[in-house]
Amino acid sequence: MYLTALFQYFEEFSADLGTQNPGKSIDDRVEFSSHAFDDTSDFVTGKRDQIRLRNLTVLLVQEFSTEQQELAHQGNDGAVVVSANKDIGFGSSATQEEIFMGNCPEACPAVLFTPTLQDDQTLTVCGARPMLRILGQRREVSWEKLGPGERQGGRMLLMDALEFDEADELGTLPDFKQENILREIRKAYTAFSSWTGGDASTVWTGLWGCGAFNGDPAAKVIIMWIAASLAGKELRLLCDASQGDFADKCGRFVKKVASTWTVRELEDCLKAIPQGTRRLETMDWLLDNVPDF
């Protein structure tokens, strides 16, 4: 799959050399930019009890795809979260990050000069063109070639997620430890505020960090919603068919609070989740304990 994407890129480049305007296919700038947390930002100084929650839309798809990294899909003011690793790259296991990076040969040089991302650092890659549209995950993956007019790259956000093990001896999920909550919100905010867009600037994301890294999906959604609202971005959460039950519950929770709550209220709600709540049961607790408005 990665070789197909690479050969497709060189084929386009070679064909371009024979035209009257050689180099046209690589004239568009590909930008790599690292971002560190700004301790003078609204994250620190903003009045969270006055910042309303931005729109969060839960979208159920039949299978995941790389469509969100295409400029035509995400738009000029959009971005897609593609990474859960502090050492960026791509390889043979076909995780989300590996698929999105391996699909864009112009993004691959980033692995040569990007240092290990620290807790307060993220990387943004803008303009790297996807050669394929990749469908599915891991052993179920398939792909189709994009046409010349479809090979326009959008904005990709790379940041790592904490790798959570099982609950400790007291039954406390690592997701709900205050230092982990703060770290994850700060990291997501740094990525989501790394560009300036219009009022409808959108972040597309799946439940990254909730598979092999054992993150709790409900905690992840709330953390990303807080970060997106502080950064002034709308959030689009993508769930596939296997996550249909969670997507339904998450949508119901959003309807309960989206129109009335502030960032502070959502943050207080996250802190109120009992320490003994088990992984994957968090959204049930929220639906049972957050009143309808």
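This chain uses plain numbering: 1 for the first residue, then up along the sequence.
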- Query: Closest heavy-atom contact between L117 and D160?
  - Reply: O-OD1, 4.3 Å
- Query: Going only through I, L, V, M, F, W and Y residues with side-chain contacts under 4.5 Å, is there a path from W143 to V80?
  - Reply: yes
- Answer yes or no: is there a donor N or O on one side and an acceptor on the other, between the side chain of Q74 and the main chain of R155, under 3.5 Å? yes
- Message: What verdict does the side chain to side chain contact (heavy atoms under 4.5 Å, CB included) test give for T190 and M159, after you've listed the backbone C-alpha separation in whole Å, the side-chain angles of each residue and the deciding distance to 0.1 Å?
- Response: CA-CA 9 Å; T190 301; M159 52 183 164; over 6 Å; no
- Considering all heavy atoms of both residues, which atom of L157 and which atom of S194 are nearest to each other, and what is their separation? CD2-OG, 3.9 Å
- Note on the structure: Heavy-atom nearest pair, S65 first then F100, reads O-CZ, 3.7 Å
- Query: When rounded to the nearest 0.5 angstrom, what distance separates SG in C210 from CZ in R279?
  - Reply: 6.5 Å
- Report yes if the side chains of N76 and L71 come closer than 4.5 Å at any heavy-atom pair, otherwise no. yes
- Item | V111-L123 co-clustered via ILVMFWY side chain contacts under 4.5 Å | yes
- Message: Quick one: does any side-chain atom of E265 pair with a main-chain N or O of T262 as donor and acceptor, under 3.5 Å?
- Response: yes
- Message: Contact between L56 and F253 at the side-chain level, heavy atoms closer than 4.5 Å - yes or no?
- Response: no
- Message: If you compare all heavy atoms of M156 against all heavy atoms of A128, which two are closest, and at what distance to 0.1 Å?
- Response: CE-CB, 4.4 Å
- Task: Check for a donor-acceptor pair, side chain of Q96 on one end and backbone N or O of V81 on the other, with a separation under 3.5 Å.
- Result: yes
- Looking at E31 and R29, does any basic side-chain N land under 4.0 Å from a carboxylate oxygen? yes
- With respect to M131, which candidate in E150, Q8, K145, E11 satisfies the side-chain contact (heavy atoms from CB on, under 4.5 Å) definition? Q8
- Query: Is any side-chain heavy atom of L235 less than 4.5 Å from a side-chain heavy atom of L237?
  - Reply: no
- Determine whether I99 and M1 make a side-chain contact, defined as any pair of heavy atoms from C-beta on separated by less than 4.5 Å. yes
- Nearest-0.5 Å distance that lies between atom NE2 in H35 and atom OG1 in T124: 3.5 Å
- Item | Heavy-atom pair of closest approach, residues A188 and A227 | CB-CB, 3.6 Å
- Note on the structure: To the nearest 0.5 Å, atom CG of L59 lies from atom OG1 of T205 at 11.5 Å
- Message: Could you measure the distance from the CD atom of Q121 to the NZ atom of K86? Nearest 0.5 Å is fine.
- Response: 12.0 Å
- To the nearest 0.5 Å, how far apart are CD1 in I185 and CG in L230? 8.0 Å
- Query: Using the ring of each side chain (for Trp, its six-membered ring), is W204 parallel, tilted or perpendicular to H73, with breaks at 30° and 60°?
  - Reply: tilted
- How about E144: does its CD atom have over 12 heavy atoms from other parts shown lying under 6.0 Å from it? yes
- Message: Using the rule given for side chain to side chain contact (heavy atoms under 4.5 Å, CB included), can you reason through E98 versus Y2, listing the C-alpha separation, both sets of side-chain angles and the distance that settles it, and then say yes or no?
- Response: CA-CA 10 Å; E98 294 165 344; Y2 298 146; 3.4 Å; yes
- Task: Spell out, yes or no, whether L3 and F10 are grouped together once hydrophobic residues are joined by side-chain heavy atoms under 4.5 Å, including indirect joins.
- Result: no
- Item | Same apolar cluster (I L V M F W Y, side chains within < 4.5 Å links), L146/V141 | no
- Query: Between E267 and R264, is the closest basic N to carboxylate O distance under 4.0 Å?
  - Reply: yes
- Message: For a salt bridge (Lys or Arg N to Asp or Glu O under 4.0 Å) check, start with the C-alpha distance between R186 and D120, then their side-chain angles and the critical distance, and finish with the verdict.
- Response: CA-CA 7 Å; R186 183 175 57 203; D120 62 348; over 6 Å; no
- Message: Against R129, only a single residue in E106, Q69, E70 fulfils side-chain hydrogen bond (donor to acceptor under 3.5 Å, both in side chains); can you say which?
- Response: E106
- Task: Decide yes or no for L286 and M283: does some side-chain heavy atom of the first lie under 4.5 Å from some side-chain heavy atom of the second?
- Result: yes
- K233 (side chain) donor-acceptor with F192 (main chain) under 3.5 angstrom: yes
- Could you check F176 against T282 for side chain to side chain contact (heavy atoms under 4.5 Å, CB included), going step by step and ending with a plain yes or no? CA-CA 10 Å; F176 302 125; T282 309; 3.6 Å; yes
- Query: Donor-acceptor pair, Q118 side chain versus T116 backbone, under 3.5 Å?
  - Reply: yes
- D175 (side chain) donor-acceptor with D216 (main chain) under 3.5 angstrom: yes
- Without swapping roles, check the side chain of T57 against the backbone of R236 for a donor-acceptor pair under 3.5 Å. no
- Item | W195 versus A79, closest heavy-atom pair with distance | CH2-CB, 3.5 Å
- Item | Polar side-chain atom of K256 near backbone of L287 as donor-acceptor pair, under 3.5 Å | yes
- Do W285 and I181 belong together in a cluster built from hydrophobic side chains that touch within less than 4.5 Å? yes
- Item | E140, CD atom: more than 12 neighbouring heavy atoms under 6.0 Å | no
- Query: Does the side chain of P130 reach to within under 4.5 Å of the side chain of T66, using non-hydrogen atoms?
  - Reply: no
- Message: Does any part of the side chain of C269, heavy atoms only, come nearer than 4.5 Å to the side chain of V290, both counted from C-beta?
- Response: yes
- Message: Is it the case that atom CZ in R278 sees more than 12 heavy atoms from other parts of the structure closer than 6.0 Å?
- Response: no
- Query: Is the backbone N or O of S259 less than 3.5 Å from a side-chain atom of R52, with the two atoms forming a donor-acceptor pair by type?
  - Reply: yes
- Query: After noting the C-alpha distance and the side-chain angles of Y9 and R151, does the key distance pass the side chain to side chain contact (heavy atoms under 4.5 Å, CB included) rule?
  - Reply: CA-CA 10 Å; Y9 174 77; R151 298 180 203 135; over 6 Å; no
- Task: Would you give the length of the straight line joining atom CG of L53 to atom CH2 of W225, rounded to the nearest 0.5 angstrom?
- Result: 5.0 Å
- Would you call D240 and E63 a side-chain contact if the rule is heavy atoms closer than 4.5 Å? no
